[in-house]
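Step one of this worksheet: look at the structure below.
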There are 2 protein chains.
Amino acid sequence: MSTPPGRRRGPSKGDRRERAILETARTLLARKPLADITIDELAAGAEISRSSFYFYFDSKLSVLVALLHGMAGELGRDAGPWLDGAGPDTAALREALTPLARLWREHGRMLAGALAAAPGCPPLAQWRAELRSAHVDRLAARIARDRAAGLAPAGPAPRVLAGLIDDLRTAALAGSADPEALVDDLVTVELRMIYADFAEDHPAG
Amino acid sequence: MSTPPGRRRGPSKGDRRERAILETARTLLARKPLADITIDELAAGAEISRSSFYFYFDSKLSVLVALLHGMAGELGRDAGPWLDGAGPDTAALREALTPLARLWREHGRMLAGALAAAPGCPPLAQWRAELRSAHVDRLAARIARDRAAGLAPAGPAPRVLAGLIDDLRTAALAGSADPEALVDDLVTVELRMIYADFAEDHPAG
DNA sequence: TTACTTCTCGACAGTACGTCGAAAAACTCG
DNA sequence: CGAGTTTTTCGACGTACTGTCGAGAAGTAA
């Protein structure tokens, strides 16, 4: 359900069409959820007939999955320093969250739509699961390390806590109209979840 | 879009049908999302023809909305002691979360499905918004009180923090296969988000 | 019975999906 | 160039689901 059925290889005219479909989808998804987009629209955007669409993708879902896979890399990047570090490293966490928030600002509707459609749609569910566990695994390991080193207090099992943090992050970014404005607060809150008390500089509030 | 179009009042045979539709919907929603349920199934479950369905509801969405409204009360109940109290009251928070988790265990698929379908569907979006702000408003007020009383440290604006807590709670409960197992961890984490450091009894972890 | 409301359903029209097979366009190689 | 092959296109078709309309059956009350 996720691989183009007809085309094999060769960088040619059909490639431009495939791109056009993807591009059209990206544009439309910025305005409305997948369910409200018809194959007709996608085909029209790429200037081909509806049936021709099926030469490139076998459903509009496949288009979304392709789009998402093209973005999977970006979503995890910049998280390295934070995830591989130790202790309540405010700066590193902010460095991880800032680009992520930018991505959500740019593609929020698409990502939120994909997330919402994920249950009840295996390929999307799998994409989400992979993304999630890529984050949760590393974060859980970090939490365990910090606890062993006496840097973080005991609490929920590392995997559970990491899962909660991932949930929070995703839900917050997905729900916000201005994700970038949320970064500082997310930093504070994620650190509190892991370290409870830590040296923070409160803006007088 | 949310009121039965044909019927007015009178406790009669049609009432049983309406109940039957609702009941069928509840059952089916426990197994699959709204999008995968056809009006035919709903009608069949109530032993009427598809067109008769439209005498009672004007779309399957209306059925879901009706179901959800019938549940809105339960979702907020038991939160009073926690929301109206002060300070890191572990017990009160647990008393609020436990029945909520039970509700999510019983109707999780339905609630999660409704939440997922909310963006791009005004009546559901409004239901979700009302539910959310009912919680966020009171929680934000509580946080502000606690800060003023010196019980909680400064941090994100109360409304923002309350929003993050609501996001976390909802996402975590929606994503978990066993919500009730999550209660203790949610208690810990929500308290940390508000109070950072507070007296907690860590199970050796 | 009559008159009225409540309820039921078949028939129709609309929209979107996905498949098939014929054929046009593009490319390959002799 | 031109025959053979692969890539690409599309109209026609069948299916599934949605929502509406109007005729009429069933229930209720005088």
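- For R17(A) and dT9(D), the CZ to P distance is 5 Å, given to the nearest whole Å.
- Residue R50(B) places no side-chain atom within donor-acceptor reach of the base of dG10(C), judged by atom type and a 3.5 Å distance cut-off alone.
- When the P atom of dT20(D) is taken as reference, atom CG of D58(B) falls 8 Å away, rounded to whole Å.
- Set against dC21(D), dT18(D), dT8(C), the side chain of S51(B) has dC21(D) as its closest nucleotide.
- The shortest distance between the side-chain N/O atoms of S49(B) and the OP1/OP2 oxygens of dC9(C) is below 4.0 Å.
- Atom CG of D40(A) is separated from atom C1' of dG11(D) by 13 Å (rounded to the nearest Å).
- The distance from atom CZ of F55(B) to atom P of dT5(C) is 13 Å, rounded to the nearest whole Å.
- No option in L139(A), D166(A), I143(A), V136(A) other than I143(A) meets the side-chain contact (heavy atoms from CB on, under 4.5 Å) test with L161(A).
- At whole-Å resolution of the value, CZ in F57(A) and P in dT19(C) are 16 Å apart.
- The closest side-chain heavy-atom distance from L168(A) to M193(A) is below 4.5 Å.
- Spacing between atom CG of D36(B) and atom P of dT18(D) amounts to 11 Å, rounded to whole angstrom units.
- Heavy-atom contacts from other residues, nucleotides or ligands closer than 6.0 Å to CZ of R138(B) number more than 12.
- The side-chain heavy atoms of H107(B) and L29(B), taken from C-beta on, include no pair separated by under 4.5 Å.
- When the nucleotides dT18(D), dC17(C), dG19(D) are ranked by their closest atom to the side chain of K60(A), dC17(C) comes out on top.
- In this entry the distance linking CD1 of I37(A) with P of dC17(C) reads 11 Å, nearest Å.
- If you take OH of Y56(A) and C1' of dC10(D), they are 12 Å apart, rounded to a whole angstrom.
- At dC10(D), one or more side-chain N or O atoms of S52(A) fall inside 4.0 Å of OP1 or OP2 (strictly under the cut-off).
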